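Report on the structure given below.
Each ligand, and each atom within it, is numbered from 1 in the order the structure gives. Treat the numbers as computed from the prediction; the structure is a model and nothing was measured.
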Amino acid sequence: MSNCIFCKIVAGEIPSVKLYEDELVFAFLDIAPINFGHVLVIPKEHHESASSIPEAVAGRMMKVGSRLGIALKRALDYDAYNLHLADGKAAGQVVMHAHLHVVPRGVDDDFRWNWRQLQYADGAAAELAGKVMEKFKLD
Ligand code: AMP
Ligand code: ZN
């Protein structure tokens, strides 16, 4: 896609610090990391949403992302890593070319996801699950 910053990175038209590339995916350092070493893994082909990425490419993204997470731990003495993907603006997606964040984590890194824990009323969880699965499609 001509106006996409991540397509331009794949094409070498915008500089990046590349960690890995194969026929399906491209991985490079995030320019504004949560922790140093924060990586983005992207499909080479333009997809705005993760839901349209072919299964083989999505699988490669997950494999490369998790192996890079291990490399970050070993090379930079991190304790763990988060894999994160924002799909849609309301979820925090800013660059509209799907990307998997690999965020290296340390026990004392002072970064907290803004996570909350709601509670279902009696019967509400099963009712909700039924509604969702009426719309679920794998193809
Ligand atoms: P998201 O909010 O999930 O869409 O994340 C977009 C990410 O892309 C952010 O973490 C940005 O720091 C990162 N980013 C934007 N432009 C560049 C760039 N030119 N090179 C590397 N990372 C970038
Ligand atoms: Zn793109």
Check whether any heavy atom of [X] sits under 4.0 Å from an atom of ligand 1.
{"X": "H38", "answer": "no"}
{"X": "G92", "answer": "yes"}
{"X": "I34", "answer": "no"}

I'd like a table of donor-acceptor pairs (distance under 3.5 Å, sequence neighbours excluded) in which one partner is a side-chain atom from residues 91-100, with atom names and distances.
from, atom 1, to, atom 2, distance (Å)
Q93, OE1, G88, N, 2.7
Q93, NE2, E48, O, 3.1
Q93, NE2, V95, O, 3.1
H97, ND1, H46, ND1, 3.3
H97, NE2, P43, O, 2.8
H99, ND1, H97, O, 2.7

How long is the span from the [atom1] atom in [X] to the [atom2] atom in [Y], to the nearest 0.5 Å?
{"X": "Y20", "Y": "L68", "atom1": "OH", "atom2": "CG", "value": "9.0 Å"}
{"X": "I34", "Y": "H84", "atom1": "CD1", "atom2": "NE2", "value": "7.5 Å"}
{"X": "K44", "Y": "M61", "atom1": "NZ", "atom2": "CE", "value": "13.5 Å"}
{"X": "H101", "Y": "L83", "atom1": "NE2", "atom2": "CG", "value": "11.0 Å"}
{"X": "L24", "Y": "I53", "atom1": "CG", "atom2": "CD1", "value": "11.0 Å"}

>> Strictly under 2.8 Å, how many protein N, O or S atoms lie near the Zn ion (ligand 2)? Waters don't count.
In response: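 The number of such protein atoms is 4.
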Just need the protein heavy atom nearest to [atom], so name the residue and atom and give the distance.
{"atom": "atom 16 (N) of ligand 1", "result": "I5 CD1, 3.9 Å"}
{"atom": "atom 1 (P) of ligand 1", "result": "H99 NE2, 3.0 Å"}
{"atom": "atom 4 (O) of ligand 1", "result": "V94 N, 2.7 Å"}
{"atom": "atom 9 (C) of ligand 1", "result": "D30 OD2, 3.4 Å"}

Considering only heavy atoms of [X], which atoms of ligand 1 have at least one such atom less than 4.0 Å away?
{"X": "F6", "value": "8 (O)"}
{"X": "L29", "value": "21 (C)"}
{"X": "I9", "value": "18 (C), 19 (N), 20 (N)"}
{"X": "A32", "value": "12 (O)"}
{"X": "L40", "value": "8 (O), 13 (C), 22 (N)"}

> Is there any N or O on V95 that sits under 3.5 Å from an N or O of ligand 1?
Replying inline: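 Yes, V95 has an N/O under 3.5 Å of an N/O on ligand 1.
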>> Tell me whether L29 shares a hydrophobic cluster with V103, the cluster being built from Ile, Leu, Val, Met, Phe, Trp, Tyr side chains joined at under 4.5 Å.
In response: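 L29 does not cluster with V103.
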>> Count I, L, V, M, F, W, Y as connected when their side-chain heavy atoms are under 4.5 Å apart, and connections chain through other members. Are L40 and I70 then in the same cluster?
In response: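 As far as the 4.5 Å side-chain criterion goes, I70 and L40 are not connected within one cluster.
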> Between L85 and ligand 1, which part of the residue brings a heavy atom under 4.0 Å of the ligand: side chain, backbone, both or neither?
Replying inline: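 Looking at L85 and ligand 1, no heavy atom falls under 4.0 Å.
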>> For H84, which part has a heavy atom under 4.0 Å from ligand 1: side chain, backbone, both, or neither?
In response: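 It is neither; nothing of H84 touches ligand 1.
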> Side chains of Y81 and S66: closer than 4.5 Å at any heavy-atom pair?
Replying inline: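 Touching, per the 4.5 Å side-chain cut-off.
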> Do the non-hydrogen side-chain atoms of F28 and I42 ever get within less than 4.5 Å of each other?
Replying inline: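 Sidechains of I42 and F28: in contact.
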Report all side-chain donor-acceptor pairs from residues 1-12 shorter than 3.5 Å, counting only partners two or more places apart or in another chain.
none

Sequence neighbours left out, cut at 3.5 Å: what donor-acceptor pairs do the side chains of residues 125-139 make with other protein atoms?
none

>> Just to be sure I'm reading this right: ignoring hydrogens, which of V103, I14, I31, L100 gets closest to atom 20 (N) of ligand 1? Compare them by their nearest heavy atoms.
In response: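 Selected option, by shortest heavy-atom distance: I31.
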> Using 30° and 60° as the class limits, which term best fits the ring planes of W113 and F111: parallel, tilted or perpendicular?
Replying inline: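 The arrangement is perpendicular - the two ring planes meet at more than 60°.
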